[in-house]
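Just so you know, ligand 1 is whichever comes first in the structure, and atom 1 is the first atom listed for that ligand.
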Amino acid sequence: MEKILQEAILHGQKYTHNGNPASYIPELQKVNSSDLGVYIRTLDGKEYGVGSYQQKFTIQSISKVLVLTLALMDNGFDKVFGKVGVEATGDPFNSIVRLELKHLQKPLNPMINAGAIATTSLILGKGGNEQIERILDFAKLVSDNPHISINEDVYHSEVQTGDRNRSLAYFMKSTGVIEEDVESLIQVYFKQCSIEMNCQDLARIGALYSNNGICLKTGKEIIPKSICRTVMAIMTTCGLYDASGEFAVNVGIPAKSGVGGGILAAVPNKIGIGVYGPALDDKGNSIGGIEILSYLSDVLDLSIF
Ligand code: GLN
């Protein structure tokens with residue numbers, strides 16, 4: 001397996017020079033843009049890592065997977081999908097245009113920023129501090145890593161430059177999708193995006209979803225199966241924003257990207273994969289990361305289709 005992962009990294013390296021780290025959150029530029037890492041966890045408990053798999057990065061939009069899961073566990077399907085839809089948009093992740101369409105009345109899905117902010121508003125807790133504590137605790141639980149924390153520098157960078165996200169949240173407040181205090185909510189969203197992990201953490205999370213929410217170590221249910229299946233379906237249709245169709249065709253694995261350069265991938269009943277490569281394409285997805293997953297999907301026959 002290590003040899004296959006080495007080859008996947010060599011394949012990915014051919015593409016990293018075509019992209020750049022995210023610049024709209026200035027702190028995210030402080031990376032080595034040619035870094036690439038991959039980590040795999042199989043459902044029989046074997047783990048393999050190659051390249052910069054120990055390098056920490058902020059999970060950014062990958063947090064939307066965890067927050068959707070927790071929101072569903074907190075509130076059930078009807079309440080969550082009463083606030084946010086499950087349809088792909090074909091629009092960039094930070095788009096605002098469709099929020100004004102009267103017939104929709106809610107953001108199209110929980111993987112775009114608008115839908116994610118609405119989902120975060122459903123996390124139970126007395127105020128923003130308790131909400132982010134619960135999200136962080138959940139991140140520690142699903143990654144089986146009690147040391148997961150928030151990168152304060154990235155968080156402050158998001159606070160300083162997050163006016164697009166504020167505008168999404170205020171717009172949704174005006175239409176009634178968001179009912180709580182926008183300033184407190186948006187801080188929770190910036191903090192969840194600033195949670196730091198490495199490829200190993202992502203692979204372990206992926207393996208948990210692949211295993212229908214049953215902990216591989218203890219055999220205990222951490223996430224109900226119906227929620228795992230729903231979240232993996234939404235990852236498949238919306239996880240790479242307006243590149244989700246292309247990714248489904250070329251790779252065919254439920255996955256979620258973030259502008260920190262990570263991608264979380266869960267091959268149902270097989271393996272969890274974490275990849276990292278901070279050079280992004282123009283849609284905000286890791287160029288090298290997509291190529292690594294495409295290579296692994298071909299060689300290990302991982303497409304779900
Ligand atoms: N924090 C980022 C933002 O809100 C997350 C976006 C992403 O990873 N695509 O813009």
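- Residue contacts with ligand 1 for R164 are absent, since no atom lies close enough (heavy atoms, distance under 4.0 Å).
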Carefully, step by step, assess S257 and N285 under the rule side chain to side chain donor-acceptor pair (under 3.5 Å). CA-CA 6 Å; S257 60; N285 296 317; 2.6 Å; yes
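- Residue F190 places every heavy atom at 4.0 Å or more from ligand 1.
- Near F93, with a cut-off below 4.0 Å to any heavy atom, the atoms of ligand 1 are 6 (C), 9 (N), 10 (O).
- Closest to atom 10 (O) of ligand 1 among all protein heavy atoms lies Y24 OH, 2.7 Å.
- Applying the 4.0 Å criterion to heavy atoms of C193 picks out, from ligand 1, the atoms 1 (N).
- Protein heavy atom nearest atom 9 (N) of ligand 1, with residue, atom name and distance: Y241 OH, 2.6 Å.
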Candidate pair Y53 and I9, rule side-chain contact (heavy atoms from CB on, under 4.5 Å), full reasoning: CA-CA 11 Å; Y53 68 87; I9 294 264; over 6 Å; no
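- Atom CD of E246 has 12 or fewer heavy atoms from other residues, nucleotides or ligands within 6.0 Å.
- For ligand 1, none of its N or O atoms has an N or O atom of K64 under 3.5 Å away.
- Looking at atom 7 (C) of ligand 1, its nearest protein heavy atom turns out to be S61 OG, 2.5 Å.
- Every atom of ligand 1 is numbered from 1 in the order shown, and the set under 4.0 Å from a heavy atom of Y189 is 3 (C), 4 (O), 5 (C).
- Shortest contact from atom 1 (N) of ligand 1 to any protein heavy atom: Q60 OE1, 2.6 Å.
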For Q60 and E158: C-alpha separation, side-chain torsions, deciding distance, then whether side chain to side chain donor-acceptor pair (under 3.5 Å) applies. CA-CA 10 Å; Q60 297 294 332; E158 304 227 13; 2.7 Å; yes
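- Heavy-atom contacts of E158 reach the following atoms of ligand 1: 1 (N) (cutoff under 4.0 Å).
- The ligand atoms of ligand 1 that sit less than 4.0 angstrom from a heavy atom of G258 are 8 (O).
- For the atom pair CG (L36) and CD (E291), the distance works out to 10.5 Å, reported to the nearest 0.5 Å.
- In this structure, N165 is part of the shell of residues with a heavy atom less than 4.0 angstrom from ligand 1.
- Using a 4.5 Å cut-off on side-chain heavy atoms (C-beta onward), P110 and K64 make no contact.
- More than 12 heavy atoms of other residues, nucleotides or ligands lie within 6.0 Å of CG in D74, so this atom counts as buried by the packing criterion.
- A donor-acceptor contact shorter than 3.5 Å links the side chain of S194 to the backbone of F190.
- Distance check: Y295 OH to L10 CG gives 8.5 Å after rounding to the nearest 0.5 Å.
- Checked against a 3.5 angstrom limit, the closest N/O atoms of V259 and ligand 1 fall inside it.
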